[in-house]
Amino acid sequence: MQVYLEGLNEQQREAVLHRDGPIMIVAGAGSGKTKVLTTRIAHLLATGVDPFNILALTFTNKAAAEMKERVEHILGNNEARNIYIGTFHSVFARILRAEAEKLGYPRNFTIYDTDDAKSVVKTVVNELGLDDKHYKPNTVYNRISSAKNALITPEEYINDYGLQQEDMRSNRPMIGQIYDAYCKRCYKNGAMDFDDLLLKFYLLLKTHPESLSKYQRKFKYIMIDEYQDTNTAQYQIIKLLGAMHENVAVVGDDAQSIYSFRGATIENILQFQKDYDEVKVVMLEQNYRSSQSILHVANNVIANNKGQLPKKLWTSNAEGEKIKLVRTATDNDEGKYVADAIQEQKLRNHYRNNDFAILYRTNAQSRSFEESLRRMNIAYRIYGGISFYQRKEIKDFLSYLRVILNPGDEEALKRIINFPARGIGKTSVEKAVLFANQNNVSMWNVLGQAAQFGYKASTLEVINNFVIMIKMFQSELQKKNAYDLSILVGKNTGLVKELFNDKTTEGLARYENIQELLNSIKEFTETPTEDGELLDKSLGSYLQQITLLTDADDDKGESDVVKLMTIHAAKGLEFPVVFVGGLEETLFPNAMSINTREELEEERRLFYVAITRAKQRLWLTYANTRYRFGNLTQNDPSRFIEELPEERLDRAFAGGNMRNNQSNQWNSFDKAKTGFRTSSQENRSATKEKPAYMVTSPVVKIKEHTPTEGFTPSDTSNLQEGQKIEHQKFGFGEVIKMEGAAHNPVATVKFEHNGEKKIMLNYAKLRIVE
DNA sequence: GATGTGAAGCTTTTT
DNA sequence: GCTTCACATC
């Protein structure tokens, strides 16, 4: 028997040894999925498959890197470097580079990140004479993104009755036209957004039979990780690519499908067996990760969902400790409690910072945890949020590099044309864009022939200097590698100097960030590429790589830190000790996702993912009150709490002061299955007891109001001017004005004691008095 | 054209 | 509560 097969259980071995024909591996949480995938690849290679014929697709760069590393480890050689292992986006981007001209794109096409894309949407909305307050870039972009992920072209969108109806209903009938204009603008800019990397690749395969057969022949063995999260575009691509050999192996877990908001359809995994004549199905049901208690709780939770692939996860691990379910008075107390618990665990059970993860539903929740950890001097790192590459100074610098490579990239050009300031102001830029649109050329072309467009002499001169500088950089493109060119750019543009001269704290941070960027470019040019295919150290090669990187990907140092991230970001990871915060109604499950059974089930799967990240110990926490939108809100405990098996729980309450914790046990009043009702009295006294350092802000002078007995929020969807209402904190008042978008109405209320306030009805709880 | 101020936006998740 | 954006001022 091959050495690599040792240590696999029966099902895992079955999955590895099945060489030809479609196979679906249903891999429960912690069941050794990556091990199976990597061993499978090793087995293919060991039995004579050429590494060039293998394609393995993942969702994150991290997963791809790990897979590559582990295959190499099993094989003990570097054959793996010739395998196409990468994310959907990066692998397709690489192929699209090579085939760009067939689709009419420049080889050096730019990849627009979400910010770039939204900016283009805004530009286009304005150019169509529409109001970007109503056609919000965010909303419109999401709509376009969904269309692309469903492989719907602008023409199809405009002609689709259902979609048009939806847009009519939301009073945004022009989205189809915006979509069309957006695509045209991206094309003109020589740019693809994230979704294009899938969509255009699909179109390439669909419209160029020779390309299709080329890649079908190349990718004889295809492996897909996290199949439950694929969207329609990805699904169709896999189907096309795999049609010739049908050696498609998909690995996934329907219970962990959490990306439907991004177009993923759980149907893809539920239907896989019907896509091919004979599908081998293997269930991996033994969990090697978690304690029995943790797994038991997870199983209980997910059992509340309908329509799952039938399976029962089990483990031979130790029973482990009970799950701690902790209620706190406020979100700050929650943060404090978690930081204290980490400290205590470190002392008592010899954990290191690295062993802990704090998971939450929304990024905004990180704040209270952050503050407490900082106060306790516990090192931490937040994953997600603004990534390094989205920072302003980094984007500015990268925009220079983008323009050098693809001067058609109008977004980048607009960013840098007057940064650092060189006297090309807003009006000059607007003029250039206008000329470009009128003459159907790029903005760069207009700048190159600025003399013909009637700029005044002084402006003309600075424009020409700018153009000459960029052209000079371009002429170095062939001669210099990415790093040397970047240094040249930094010097000649004065960008680095400008930041260096800024001695404010932020300026210093920005300067350091630029240095860090330059370091990473240097590292890129000095590390041998693993692609085998090309040892390309050019700027183009660099830019392609980094656009698809996210914050989670650069584990710089991987030092000993507590990790904070959203549950979404934690998928695929595991930690010895996990804290899941904010188990409250409207937060988790999120208010946005409780309208349909499907949405609620996805939230529950998310909770399942959170629980199953834990190996040894698990804490679930929730707060009575928490600041949201600057308003103190009260939330009921999450409905998911009721789905936890009582016998595996260890309940506790933590007020403002941890030391009183032991004596302050969960009482029978709170334990009532109906969820506890916090009286405002109890609530406020808890707030008052907070030590001074925990007070969040210089308190706004509000005349505190005690809600009426049995305060229940009313349905405010038809709230009218003139109505009388009661607000939990501000008291009684009269609605004097209604405004805001239909889905986000805002009421101006004149309160008896607290003046006029604007209240967002989506978030505030109001009781209609009359 | 740069800088400062106040209001309005926002918060579901991201390759 | 925090961030972004528009507008006003110098």
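Order of the sequence lines sets the chain letters (A, B, ...), proteins ahead of strands, with each chain counted from 1. Worth knowing before you read on, the calculation uses all heavy atoms, side chains too, and leaves out hydrogens, waters and symmetry mates.
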Would you mind classifying the nucleic acid contact of F588(A) as base, sugar-phosphate or nothing, using non-hydrogen atoms under 4.0 angstrom? nothing

Ring centroids of F261(A) and dT13(B) base under 5.5 Å with planes under 30°: yes

Every protein N/O lying under 3.5 Å from an N/O of nucleotides 5-8 of chain C:
from   : atom 1 : to      : atom 2 : distance (Å)
dA6(C) : OP1    : K122(A) : NZ     : 3.4

Mind checking A421(A) for me? I need base, sugar-phosphate or nothing, with any heavy atom below 4.0 Å counting as a touch. sugar-phosphate

Length of the line joining M592(A):CE and dT12(B):C1', which is rounded to integer Å: 7 Å

Could you pull out all residues at least two apart from D225(A) that satisfy salt bridge (Lys or Arg N to Asp or Glu O under 4.0 Å)? K33(A)

Rounded off to whole Å, could you give me the CD1-to-C1' distance for the I237(A) and dT15(B) pair? 13 Å

Can you identify which nucleotide, out of dG1(C), dT14(B), dT13(B), has its nearest atom closest to the F629(A) side chain? dG1(C)

How many whole angstroms separate atom CG of D131(A) from atom C1' of dG9(B)? 14 Å

Between NZ of K62(A) and P of dT14(B) the distance, given in whole Å, is 14 Å

Side-chain (Y455(A)) to main-chain (S428(A)) donor-acceptor, under 3.5 angstrom: yes

Provide, to the nearest angstrom, the distance between the CZ atom belonging to R262(A) and the P atom belonging to dT13(B). 13 Å

Non-neighbouring partners of A255(A) that pass side chain to side chain contact (heavy atoms under 4.5 Å, CB included), sequence neighbours left out: D253(A), I302(A), Q308(A), K311(A), Y608(A)

Starting at atom CG of D116(A), determine the distance to atom P of dT15(B), rounded to an integer number of angstrom. 16 Å

Just to be sure I understand the rule, does S90(A) reach a base, reach only the sugar-phosphate, or reach nothing, if contact means heavy atoms closer than 4.0 Å? nothing

Fit a plane to each ring of F640(A) and F588(A), take the angle between them on a 0 to 90° scale, and name the class: parallel (under 30°), tilted (30 to 60°) or perpendicular (over 60°). perpendicular

Sequence-distant partners of K118(A), salt bridge (Lys or Arg N to Asp or Glu O under 4.0 Å), two or more places apart: none

With respect to the phosphate group of dT14(B), does any side-chain polar atom (N or O) of N363(A) fall under 4.0 Å of OP1 or OP2? yes

Side-chain N,O (T566(A)) to OP1/OP2 (dT14(B)) below 4.0 Å: yes

Rounded to the nearest Å, what distance is computed from the CD1 atom of residue I258(A) to the C1' atom of nucleotide dT12(B)? 12 Å

Distance-only check: which donor-acceptor pairs under 3.5 Å involve side-chain atoms of residues 420-427 of chain A, not counting sequence neighbours?
from    : atom 1 : to      : atom 2 : distance (Å)
R422(A) : NH1    : I416(A) : O      : 2.9
R422(A) : NH1    : I417(A) : O      : 2.7
R422(A) : NH2    : Y400(A) : OH     : 2.8

Would you say N631(A) reaches dG1(C)'s phosphate, i.e. side-chain N/O to OP1/OP2 under 4.0 Å? no

Could you give the NZ-to-P distance, from K148(A) to dT15(B), as a whole number of Å? 18 Å

Whichever of Y141(A) and N590(A) has its nearest DNA chain B nucleotide further upstream toward 5': N590(A)

Report the residues that fulfil side chain to side chain contact (heavy atoms under 4.5 Å, CB included) with E598(A), sequence neighbours left out, ordered by chain and then residue number. T596(A)

